[in-house]
Q: 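Take a look at this one; I'll ask things after.
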There are 2 protein chains.
Amino acid sequence: MKCKYALKALVVLAAAEDKMPSKAIAKKAKVPEKFLEAILTELKKNGAITSERGAFGGHRLAKPPAKIMVGHIIRAIDGMLAPVSCASTFYYKKCRDCTHEEVCVIRHAMLEVRNQLSDKLDGMSVQNLLDMSPKQKQKIFW
Amino acid sequence: MKCKYALKALVVLAAAEDKMPSKAIAKKAKVPEKFLEAILTELKKNGAITSERGAFGGHRLAKPPAKIMVGHIIRAIDGMLAPVSCASTFYYKKCRDCTHEEVCVIRHAMLEVRNQLSDKLDGMSVQNLLDMSPKQKQKIFW
DNA sequence: CATATTCCTATAGACTTTATAGGAACAAAG
DNA sequence: CTTTGTTCCTATAAAGTCTATAGGAATATG
Ligand code: FES
Ligand code: FES
């Protein structure tokens, strides 16, 4: 959910012409307001969005949507992509139940899976998401 | 963990010449005994293994290891492969926060991810896992 | 009957998920 | 300088999932 909400928020922001307050994003994305607030904070920490406080404040993308990668966002919100920690590049952690990591068949298999997954996810931008929407004036994304 | 343990158990069984009691599998796979017991029950329900009760009982693969697919096992143990339920073939469930599923950009993107993932996982058998192990007499898989 | 094993049910601690609540800090407008 | 609309921060909490452990009934073998 959290990840999905984050991506939805980014798509909404990418489609918006100006900055938006979290309340407005929540409405468009159909996401619980206060929950989204927390997610936006994480996205900000991650460098995907910027924000302005006070009246008429709001959030906007920190970079062009083509440069915000889905894989990057998922890692920031959900953590590792790999099915097992020993196969993760960014969140590596040794497996308790394996003594010879170099020959571990599970790890080898999951490395392949991770590669496939990260290739796909790191090659997919928020712009790409936007482009998947059928062209129409009243933009409905979901 | 559960999924990993399940795959490990299957690899152990695939490498074994005869049926094995859960205790022995647990030792080889370095997995908690009682936990593994529960997992083996699930694998049996799923049709991947068979078992014999009583003294000198044990577990064995129900089919040749080349016909036991990793994707199938993961679905049985972990549930859906897809990142979102609306993109799952076997565990489909509508998203509360989306009203127009047909045009949902998140869903479209996640369908692609799911396809990539299931292609990989459904094309990978327990035999394939076994083959990833470097050839040596004392078989150490992890 | 003794032993080895699967199978079944219940329990439990720790953690994660999915939020909600309340209010402090901040900025702009009147 | 007060009102209003925001972000930002902290705390709380219900429900669910994960990772096991415990105890014993049912079953098969010798
Ligand atoms: S080393 Fe991680 S699964 Fe074996
Ligand atoms: S329909 Fe499932 S994410 Fe939109």
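Lettering of chains follows the sequences in order, A, B, ..., and the numbering in each one begins at 1. All values below come from the heavy atoms of this structure, side chains included, with hydrogens, waters and symmetry mates left out.
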Q: Among C/dC7, D/dC9, C/dT18, which nucleotide has an atom closest to any side-chain atom of A/Met1?
A: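 So the nucleotide nearest the side chain must be C/dT18.
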Q: Which whole-number value in Å describes the distance from B/Lys34 NZ to C/dA10 C1'?
A: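 Taking atom C1' of C/dA10 as the reference, NZ of B/Lys34 is at 12 Å.
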Q: B/Ser51 pairs by side chain to side chain donor-acceptor pair (under 3.5 Å) with which of B/Lys19, B/Lys44, B/His59?
A: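 Filter result, single survivor: B/Lys44.
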Q: Rounded to whole Å, please give me the gap between NZ in A/Lys2 and P in D/dT17.
A: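 Atom NZ in A/Lys2 sits about 17 Å away from atom P in D/dT17.
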Q: If I take atom CD in residue A/Glu42 and atom P in nucleotide C/dA19, what distance separates them, rounded to the nearest angstrom?
A: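 My rounded result for the distance is 14 Å.
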Q: With heavy atoms under 4.0 Å as the rule, sort B/Arg96 into base, sugar-phosphate or nothing.
A: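 Sugar-phosphate, backbone atoms only, no base.
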Q: Determine whether more than 12 heavy atoms belonging to other residues, nucleotides or ligands lie under 6.0 Å from atom NZ of B/Lys28.
A: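 No - once you tally the heavy atoms of other residues, nucleotides and ligands closer than 6.0 Å, there are 12 at most.
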Q: Looking at the base of D/dG5, is there any donor atom on it, or on the side chain of A/Lys19, that sits under 3.5 Å from an acceptor on the other one?
A: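 Counting by modelled atom types and ignoring angles, no donor-acceptor contact under 3.5 Å is found here.
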Q: For A/Lys63, does the NZ atom have more than 12 heavy-atom neighbours from other residues, nucleotides or ligands under 6.0 Å away?
A: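 Yes - once you tally the heavy atoms of other residues, nucleotides and ligands closer than 6.0 Å, there are more than 12.
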Q: What's the NZ-P distance between B/Lys4 and D/dA20, to the nearest Å?
A: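 After rounding, the gap between these two atoms is 10 Å.
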Q: Does D/dC8 have its OP1 or OP2 closer than 4.0 Å to a side-chain nitrogen or oxygen of A/Lys44?
A: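 So the side chain of A/Lys44 is within the cut-off, an N or O lying under 4.0 Å from OP1 or OP2 of D/dC8.
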Q: Return the value, rounded to whole Å, for the distance between atom CG of A/Leu40 and atom P of D/dC9.
A: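 Distance check: A/Leu40 CG to D/dC9 P gives 13 Å.
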Q: Distance check needed: D/dT19 C1' versus B/Leu36 CG, whole Å only.
A: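 Result: 13 Å.
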Q: Just by distance, no angles: are the side chains of B/Asn46 and B/Glu42 close enough, under 3.5 Å, to form a donor-acceptor pair?
A: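 Judged by distance alone, the side chains do not pair up.
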Q: What nucleotide among C/dT6, D/dC9, C/dA19 has an atom nearest to a side-chain atom of A/Glu37?
A: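 Minimum distance to the A/Glu37 side chain belongs to D/dC9.
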Q: Heavy-atom contacts under 4.0 Å between residues 51-59 of chain A and DNA chain D, which residues?
A: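 Under 4.0 Å from DNA chain D: A/Ser51, A/Glu52, A/Arg53, A/Gly54, A/Ala55, A/Gly58, A/His59.
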Q: Would B/Leu121 and B/Met69 show up in the same hydrophobic cluster when neighbours are defined by side-chain heavy atoms closer than 4.5 Å?
A: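 No.
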Q: Establish, yes or no, whether the cationic atom of B/Lys8 lies under 6.0 Å from the six-membered ring centre of B/Trp142 and within 45° of the ring axis.
A: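 Yes, a cation-pi geometry holds between B/Lys8 and B/Trp142.
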Q: Any side-chain N or O of B/Tyr5 below 4.0 angstrom from OP1/OP2 of D/dT19?
A: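 Checking D/dT19 against B/Tyr5, no side-chain N or O comes under 4.0 Å of OP1 or OP2.
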Q: What is the separation between atom NZ on B/Lys45 and atom C1' on C/dC8, rounded to the nearest whole Å?
A: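 After rounding, the gap between these two atoms is 10 Å.
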Q: May I have the distance from B/Glu33 (atom CD) to D/dA22 (atom C1'), rounded to whole angstrom?
A: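 It works out to 13 Å between those atoms.
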Q: Between B/Asp122 and B/Arg75, is there a salt bridge with N-O shorter than 4.0 Å?
A: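 Here B/Arg75 pairs with B/Asp122 in a salt bridge, since their nearest N and O are under 4.0 Å apart.
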